[in-house]
Amino acid sequence: MLIGAVEAGGTKFVCGIGNEKGEILDRVSFPTEQPEKTLANVIAYFRDKKVEAIGVGSFGPINIDSASPLYGYVTTTPKPGWGNYPFLPELRKVFDVPMGWDTDVNAAALGEATWGAAAGLDSCLYYTIGTGVGVGVYAEGQLVHGLVHPEGGHVLTRRHPEDAYEGFCPYHGDCLEGMAAGPALEGRWKVKGSELAPDHPAWAMEAFYIGQAVSSAILLLSPKRVILGGGVMHQEHLFPLIREEVRKNLNGYVSAEAVLDGIDAYIVPPGLGDNAGLSGALALGLRALGTL
Ligand code: ADP
Ligand code: ZN
């Protein structure tokens, strides 16, 4: 069984073919350009591939309300050309197969819950800390959509006492994304995050912000695992710092073993590595087909 998968990112698109075991058999990647050009690349890739379903995990915000006439649209993104763009309807014009459609981070959460770091669990959170911050929510065996979809990258955070950086989020300034995404590291320290030494004070501050958001999410949603991915989390030394912040914030109030001595196995990197997004899109395709 061949399933198409699209990881639609704001910077690049990855398209692939996978099977019901979660194996990725082929992939291509190209930059995100104007939507017509980008979709033409997607369509050209899948045209002769004979896929039985297609799953798309997309950057957003997007419409995932299946009862809405705008289902499958990218909605209010400031990304030039992509605002109010009928992404899924354009694909449907060409491919007559079941299609799964969700946010990139919900897709990644589903991929991790199916084949990755949360396999066998009925809930997890997936954070990406990269160009922006996004959170996918998988709860009681379902991806959470709610009113629109979770936007946990924009929760407000308490400011670090030694931090004078104003934050870069155009909507909120110093929300989590504004203070902790890759561009915030660069804005605050004037060098790229990848060039900051592991013992630089930047990382304690970074963990301070991420730790706040994660502890609030644990209190609110009670996930059985928290997965932290994205470019910034390639800095593996952040994990122990974030776990310590979470323990400090929860302060013993949540008494589950997972957030006490078991925290090293609770706040973890993606089990699927940088494949989380594409594998998640594959899982969305399988769900659309009814086989997952
Ligand atoms: P995107 O969010 O665009 O899908 P990434 O998850 O790769 O892509 O995130 C890119 C961001 O992460 C950039 O701001 C980049 O500076 C930052 N980044 C990438 N690699 C590292 C690293 N090793 N350490 C710190 N920051 C990094
Ligand atoms: Zn914001």
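Just so you know, ligand 1 is whichever comes first in the structure, and atom 1 is the first atom listed for that ligand. Position 1 is the first residue of the sequence; numbering continues from there.
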### Message
Check for me whether the distance between the ring centres of Trp189 and Tyr165 falls short of 6.0 Å.
### Response
no
### Query
How about Leu284 and Val56: do any of their side-chain heavy atoms sit closer than 4.5 Å?
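No, every pair of side-chain atoms sits at 4.5 Å or beyond.
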### Query
Partners of Lys50 by side chain to side chain donor-acceptor pair (under 3.5 Å), sequence neighbours excluded?
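Lys50 satisfies side chain to side chain donor-acceptor pair (under 3.5 Å) with no residue once adjacent residues are dropped.
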### Task
Any chance you could lay out the side chain to side chain donor-acceptor pair (under 3.5 Å) test for Asn275 and Arg27, step after step, and finish with the verdict?
CA-CA 11 Å; Asn275 275 340; Arg27 73 166 72 211; 2.5 Å; yes
### Task
Indicate whether the side chain of Ser68 and that of Asn63 have a donor and an acceptor atom separated by less than 3.5 Å.
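Yes, a side-chain donor-acceptor pair sits under 3.5 Å.
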### Task
Anything protein N, O or S sitting under 2.8 Å from the Zn ion (ligand 2): count it and give me the total.
4
#### Entry: Inter-residue atom distance Ile54.CD1 - Arg92.CZ, 0.5 Å rounding
10.0 Å
### Query
Rounded to the nearest 0.5 Å, what separation is found between the CD1 atom of Ile263 and the CZ atom of Arg243?
7.5 Å
### Residue contacts for ligand 1, heavy atom to ligand atom, distance under 4.0 Å
Thr11, Gly130, Thr131, Gly182, Pro183, Gly193, Ser194, Gly230, Gly231, Val232, His234, Gln235
### Task
Determine whether Leu110 and Leu278 fall in the same hydrophobic cluster, where Ile, Leu, Val, Met, Phe, Trp and Tyr are linked whenever their side-chain heavy atoms lie under 4.5 Å apart.
no
When the side chains of residues 190-201 are checked against the rest of the protein, which donor-acceptor pairs come out under 3.5 Å, sequence neighbours left out?
residue: Lys190; atom: NZ; partner: Gly187; partner atom: O; Å: 2.7
residue: His200; atom: ND1; partner: Ala202; partner atom: N; Å: 2.9

